[in-house]
Amino acid sequence: MKAQRYIVGNWKMNGTRAMLNEARAIDRAAARLPKVQVAVAPPGTLIFRTRDAVEIIGVGGQDCHVEESGAFTGDISAAMLKDAGADFTIVGHSERRALHAESDAVVKAKAETALAAGLSVIVCVGETEAQRDAGKAEAVVAAQIEGSVPRSEAAAEKLSVAYEPVWAIGTGRVPSTDDVAKMHAKIRESLVGIYGDAGAAVRILYGGSVKAENAAELLAVDEVGGALVGGASLSAESFLAIVGAAASLDES
Ligand code: PGA
């Protein structure tokens, strides 16, 4: 039996207060499935209310600034996320890397700031379609891991890595389970290279078009410790189908 799987919903820029009903429904169901660790990352405006509305599930940010406070209009610091009730934050999502020109160095600095603020962190990596077609997917992801994950052995305990091929995000396309297995094995090798033994325990999530229909198959792949779910996390029904798939695997 694998260790407790981690299923995280990334709501992206979706959700007003009405979405708190989904969070409550997710929370109630998660309470009955203790073998799965469940969390959601709502938009910043909902973190405080989501924390208040739920009991069991984790609540996190989708990004954070590298500084604790200051003249950074529109940004939110890790300390603020923590203060609002977040347990973790995602950093380095491909939408941040592409649309906000975030480099590996920036992602790493954000991850380190998040840890210093007392948050756990999910660092995202993943190749573009052109990089995969050019046969560079593993090299690209290995370089992102090397450049983006926070250092120190203690960091490994609060770190998850999400492998999200850019071409699979929101497209309905997913890599073959063979390709997922190969990439996750490669990521594991990088993490052990960086953290030593502690790198063996870092959870590696798969993300990109995870749905009820493919969740069981993806979550059963070696070294897949959970899923980062975008579109399908926006309703409790579709998200819980994925959580349920994780729970039944754990029971088998
Ligand atoms: P998706 O997004 O599930 O909608 O493909 C995943 C993500 O970007 O985290």
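Numbering of ligands and ligand atoms starts at 1, following listing order. For the single chain, residues carry numbers from 1 onward in sequence order.
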**Asked** Taking NZ, NE, NH1 and NH2 as the nitrogens, is one of them in Glu129 or Arg173 under 4.0 Å from a carboxylate oxygen of the other?
**Response**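 Salt bridge: yes.
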
**Item:** Salt-bridge contact Glu146-Arg151 (side-chain N to carboxylate O under 4.0 Å)
**Value:**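 Yes, Glu146 and Arg151 are salt-bridged.
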
**Message:** In the structure I gave you, are the side-chain heavy atoms of Tyr206 and Leu219 within less than 4.5 Å of one another anywhere?
**Reply:**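 No; the side chains remain at least 4.5 Å from each other.
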
**Request:** Could you pull out every protein residue that has a heavy atom closer than 4.0 Å to ligand 1, ordered by chain and then number?
**Result:**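 Within the 4.0 Å shell of ligand 1, which is judged on heavy atoms, sit Asn10, Lys12, His93, Glu164, Ala168, Ile169, Gly170, Gly208, Ser209, Leu228, Val229, Gly230, Gly231.
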
**Prompt:** Side chains of Glu95 and His100: donor-acceptor distance under 3.5 Å anywhere?
**Reply:**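 Side-chain D/A pair, Glu95 to His100: absent.
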
**Message:** As a quick check of understanding, evaluate side-chain contact (heavy atoms from CB on, under 4.5 Å) for Glu223 and Met183, giving each step before the final call.
**Reply:** CA-CA 9 Å; Glu223 295 289 12; Met183 188 63 86; over 6 Å; no

**Message:** Between Glu189 and Glu138, does the side-chain contact (heavy atoms from CB on, under 4.5 Å) criterion hold? Intermediate values first, please.
**Reply:** CA-CA 11 Å; Glu189 199 181 297; Glu138 288 188 9; over 6 Å; no

